[in-house]
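Letters A, B, ... are given to chains in the order of the sequence lines, protein chains preceding strands, and every chain is numbered from 1. Treat the numbers as computed from the prediction; the structure is a model and nothing was measured.
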Amino acid sequence: MSKYFMLQDQQKCIGCHACEIQCKSHKGLPNGPNPCQIIPVGPQMINDLPRASFIFMPCFHCENPWCVSACPTGAMKRRSKDGIVFVDHNLCVGCKTCITACPWGAPQWNPEIGKVVKCDYCMNRIDEGLKPACVTTCLTHCLNFGQTEHMPLIKRERYAKAMAASKGAAIHD
Amino acid sequence: MEKEVYSLCFMCSIRCPIRVLAKDGQVTWIEGNPHVPGMEGSLCPRGVAGINMLYDDQRVQSPMIRIGERGSGQWRKATWDEALDLVGNKLKGIIDEHGGHSVVLGERTQLATHVSKTFLKAIKSPNHFTHDALCKGSVNTACRSLFGYTDGEIGIDYKNTKNIVLFGRNIFEAVAVKEVNNLMYALEHGAKMTYIDPRVSITATKAHRYWMIRPGTDLALNYALINIILSERLYDAAYVNKWVHGFKELQEFVNDYTPEWAEKETGISANEIIDFAREISRDKPNVIFHFGYRGANHVNEIYMRRSILILNALMGSIESQGGLFFKKGPGAEGGKPARKLVSQEFPKIDVPRFDKAGTPDFPLPDPAHGVGQILPYAILNEDPYPIKALIAYRFDPLMSIADTNLTKKALDKLDLIVTIDINYSDIAWYSDVILPESTYLERTDCVQQMNGLKPQMFLRQQVVEPRYDTWDGVMILKQIAERIGTGEYFPYNSVDELVDWQLEGTGFVRDDFNKKGFVAYGKKQIFWDREEGLKFKTPSGKIEIKSSLLEDAGFSSFPAYESIEPPPENKFRLVVGRNAQHTHVSTQNNEYLNYICSENELWINDKKAAKLGINNGDQIKVTSAVGQGTIKAKVTNLIHPEAVFMIHGFGHEAKSASRSFAKGVSDALLQENIYDKIGGSPAYHDTFISVEPL
């Protein structure tokens with residue numbers, strides 16, 4: 001795992017897809033590749049109320065990334081200072097081994113350049129002290145980004161408040 | 001070279017404040033204005049797709065003159081001089097022969113609407129209308145009937161609410177960034193949300209209570225709620241005694257509308273209605289019965305909207321924290337608003353509007369917006385007089401006015417159709433001349449007067465030079481005016497000069513907007529004193545549940561409820577709505593937005609679909625009395641069996657917009673052009689359609 005963590009607050013996500021579009025816009029991508037993606041599940045009736053989940057899928061930036069091990073040219077790299085996994089387009093030959101290797105489908109195919117693109121937490125922005133594109137403009141601020149140990153304790157806080165108010169549990173989780 | 005510009009988005013009409021970065025003349029980044037509470041960087045999907053519109057090579061790149069039949073898509077490129085001369089000459093001929101009132105201009109209300117209105121006033125035409133009337137004319141009339149203010153003068157304090165009720169106001173899909181974030185804040189802090197809709201939307205999935213109401217019966221639900229609130233004395237008695245006119249009459253009126261009666265009509269159990277009335281009254285006055293964003297569903301729309309507003313009045317939530325409030329203008333802080341061109345002296349107009357709004361024939365709709373759906377009838381019947389020319393300004397009558405075939409038939413009678421737009425909209429495609437406007441990233445715009453709890457002004461500012469041969473709308477109209485001899489009403493040579501003229505006397509200058517994108521007249525939120533200081537603009541000075549506006553015009557304040565019949569055998573009530581990726585009819589061809597959502601589907605109840613032999617994903621035929629089309633079926637248990645649903649804005653006919661061309665079905669093609677004859681809204685949900693497998 002990189003030293004960073006991206007936390008999606010499901011309770012606040014409305015599945016609007018602004019994250020996906022900002023990501024594509026920022027990286028200048030054509031239709032097709034989605035370095036991050038919202039996968040809607042539902043709605044379905046749960047205890048007589050309609051509920052839906054919008055699962056946010058970026059790259060998880062693994063500690064021992066399958067994609068890096070699989071890459072035959074060394075194009076897929078893990079940045080030593082913070083563990084961000086990224087593609088060096090000078091070295092990528094478009095063999096797609098990383099797409100096969102990744103258990104979560106994070107590496108994406110960019111047909112315009114015949115190479116792989118993937119979520120790199122917008123490391124150009126991070127190096128400028130900014131947050132990734134998707135997080136910065138997230139409509140409801142449901143995407144949070146930071147160092148893993150500093151991430152907001154959203155779920156614990158929400159649970160604690162609900163408990164204190166004797167409401168049993170968080171309403172949506 | 002990198003540059004930072006504060007501006008206003010224009011991917012929809014909300015005008016969210018944005019911060020834009022550009023490098024070497026190219027826009028590189030758009031985010032919500034970080035200085036504005038509720039924005040703080042965030043944007044909606046349409047807002048983040050703005051760069052995509054700027055660089056879209058499928059938008060109209062230069063003035064175009066039609067050379068084939070109308071709608072044939074045969075065009076030739078023209079210079080601005082040539083196109084403007086053509087429009088000017090034709091218009092001049094029409095005005096000389098038939099009078100200025102034979103010219104109609106329809107537009108989506110925007111910052112330069114005062115310029116469009118000036119254009120018509122100068123030629124003695126009363127015929128300006130806005131999209132607003134098609135969206136919420138009856139909400140406007142309902143608000144005026146109760147408070148003397150329009151809906152546009154009323155705001156909602158989502159952030160501090162304790163309990164909110166949404167009647168199909170799909171707030172988490174038909175999104176406005178600040179609203180979403182303020183409501184999300186309230187929910188995070190314990191607010192309760194009730195959502196009422198025949199269909200499960202994303203908003204329903206976030207609600208604490210969801211009612212799949214029988215379509216068209218919200219009014220029955222509200223009368224039953226009022227019944228309980230009165231009989232159990234759950235209302236804010238002090239507020240009601242002081243500020244409500246017609247309380248006794250209301251009591252007598254709702255006496256028979258019991259929860260048990262409403263259960264039969266709406267399908268919502270009487271006990272649930274009673275429990276809910278008791279629950280929400282505990283949170284008064286910090287409650288919101290949302291009066292709607294679009295309010296154009298049924299022929300009795302005005303009474304449905306009034307019933308919602310009456311519920312607020314009973315809760316004392318009007319001019320309350322966490323409830324509704326009246327927007328305060330610069331005057332409340334001793335300031336002055338930006339000037340508008342319509343403040344000039346104009347020649348007197350001595351004919352009624354084409355829609356007769358404000359005359360005894362159609363007394364109550366707001367003439368400031370007009371009634372757009374009357375246009376086809378006015379043209380076809382030459383009633384009240386012949387109409388010869390239409391200027392469609394970022395407004396598409398073919399997809400916004402119900403019954404596209406009827407509208408086309410009317411447009412065919414016109415001598416001139418001119419469209420000012422960015423994209424190849426369907427009306428652009430059907431026009432004689434297209435005058436392309438620059439995108440919001442390529443032009444400065446007129447000042448936004450932002451009235452609210454804290455009066456402010458915002459400014460849309462140019463970020464980059466126009467990419468194609470496009471102009472500012474205010475310069476297009478001025479140049480046409482020059483050619484028809486009314487140029488004197490447009491005392492500016494650029495939009496910058498116009499903005500400077502607007503700001504004269506306000507104490508602010510254009511540079512003041514550079515720091516944060518806006519200027520504020522004061523620092524504190526202004527609420528009127530609820531005990532003594534509520535300034536209702538009705539004749540009684542109170543909230544007129546018994547309405548002089550209605551009754552003076554010969555309408556009842558309390559018409560008896562008429563039961564909603566189920567749809568005829570094998571037919572369904574067509575219900576329409578929005579999602580977060582698209583704005584009305586204007587974004588379907590945007591590459592990224594189209595990629596996320598490229599066509600609409602017809603939601604149909606699973607049990608009904610099984611009977612008809614329709615499977616999920618099937619292409620199906622939909623037919624109404626006025627039109628038909630083919631659409632993909634979405635079979636689901638999440639919609640009421642009497643309704644079918646589709647998203648508005650698909651089924652485009654303009655071939656040059658290739659991504660959206662012929663994708664899905666246009667709701668306007670199927671809907672009948674019927675409307676609320678008192679309030680003015682179209683009745684978009686009063687069309688029944690049949691559905692069959694292909």
Original post:
Heavy-atom distance under 4.5 Å to chain B: side chain of A:Asn34, backbone, both or neither?
Top reply: side chain
**OP:** Would you mind checking which part of A:Cys138 comes under 4.5 Å of any heavy atom in chain B, side chain (CB onward), backbone (N, CA, C, O), both or neither?
**Re:** backbone
Original post:
How about A:Asp48: does its CG atom have over 12 heavy atoms from other parts shown lying under 6.0 Å from it?
Top reply: no
Original post:
With a cut-off of 6.0 Å (strictly less than), are more than 12 heavy atoms of other residues, nucleotides or ligands near NZ of A:Lys96?
Top reply: yes
Looking at every non-hydrogen atom in both residues, tell me the closest pair between [X] and [Y] and how far apart they are.
| X | Y | result |
| --- | --- | --- |
| A:Arg51 | B:Lys206 | NH1-N, 3.9 Å |
| B:Ser42 | A:His141 | OG-NE2, 3.5 Å |
| B:Leu43 | A:Ala18 | O-CB, 3.9 Å |
| A:Lys24 | B:Tyr592 | O-OH, 3.2 Å |
| A:His17 | B:Gln581 | CD2-NE2, 3.4 Å |
| B:Ile202 | A:Ile14 | CD1-O, 3.5 Å |

Original post:
What distance separates B:Glu188 CD from A:Thr140 OG1, expressed to the nearest 0.5 Å?
Top reply: 10.5 Å
**OP:** Go through the atoms of B:Arg209 and report whether side chain, backbone, both or neither lie under 4.5 Å from a heavy atom of chain A.
**Re:** backbone
**OP:** Tell me, for B:Met39 versus chain A, whether the close heavy atoms (under 4.5 Å) come from the side chain, the backbone, both or neither.
**Re:** backbone
**OP:** Walk me through it: do B:Leu638 and A:Met45 pass the test side-chain contact (heavy atoms from CB on, under 4.5 Å)?
**Re:** CA-CA 8 Å; B:Leu638 302 175; A:Met45 298 305 284; 3.9 Å; yes
**OP:** Check whether any side-chain heavy atom of A:Leu139 lies under 4.5 Å from a side-chain heavy atom of B:Cys44, and answer yes or no.
**Re:** yes
**OP:** Could you tell me whether the side chain of B:Tyr210 and the main chain of A:Pro50 form a donor-acceptor pair under 3.5 Å?
**Re:** no
Original post:
Sub-3.5 Å donor-acceptor pair from the side chain of A:Gln22 to the main-chain atoms of B:Ile30, do we have one?
Top reply: yes
Subject >> Residue, of A:Ala133, A:Gly42, A:Gly15, A:Pro30, that accumulates the most heavy atom pairs under 4.5 Å with chain B >> reply: A:Ala133
Subject >> Residue, of A:Ala52, A:Cys19, A:Ser25, A:Pro40, that accumulates the most heavy atom pairs under 4.5 Å with chain B >> reply: A:Ser25
**OP:** Spell out the residues in residues 161-184 of chain B that have some non-hydrogen atom less than 4.5 Å away from a non-hydrogen atom of chain A, in order of number; otherwise answer 'none'.
**Re:** B:Phe172, B:Val175, B:Val177, B:Val180, B:Asn181, B:Met184
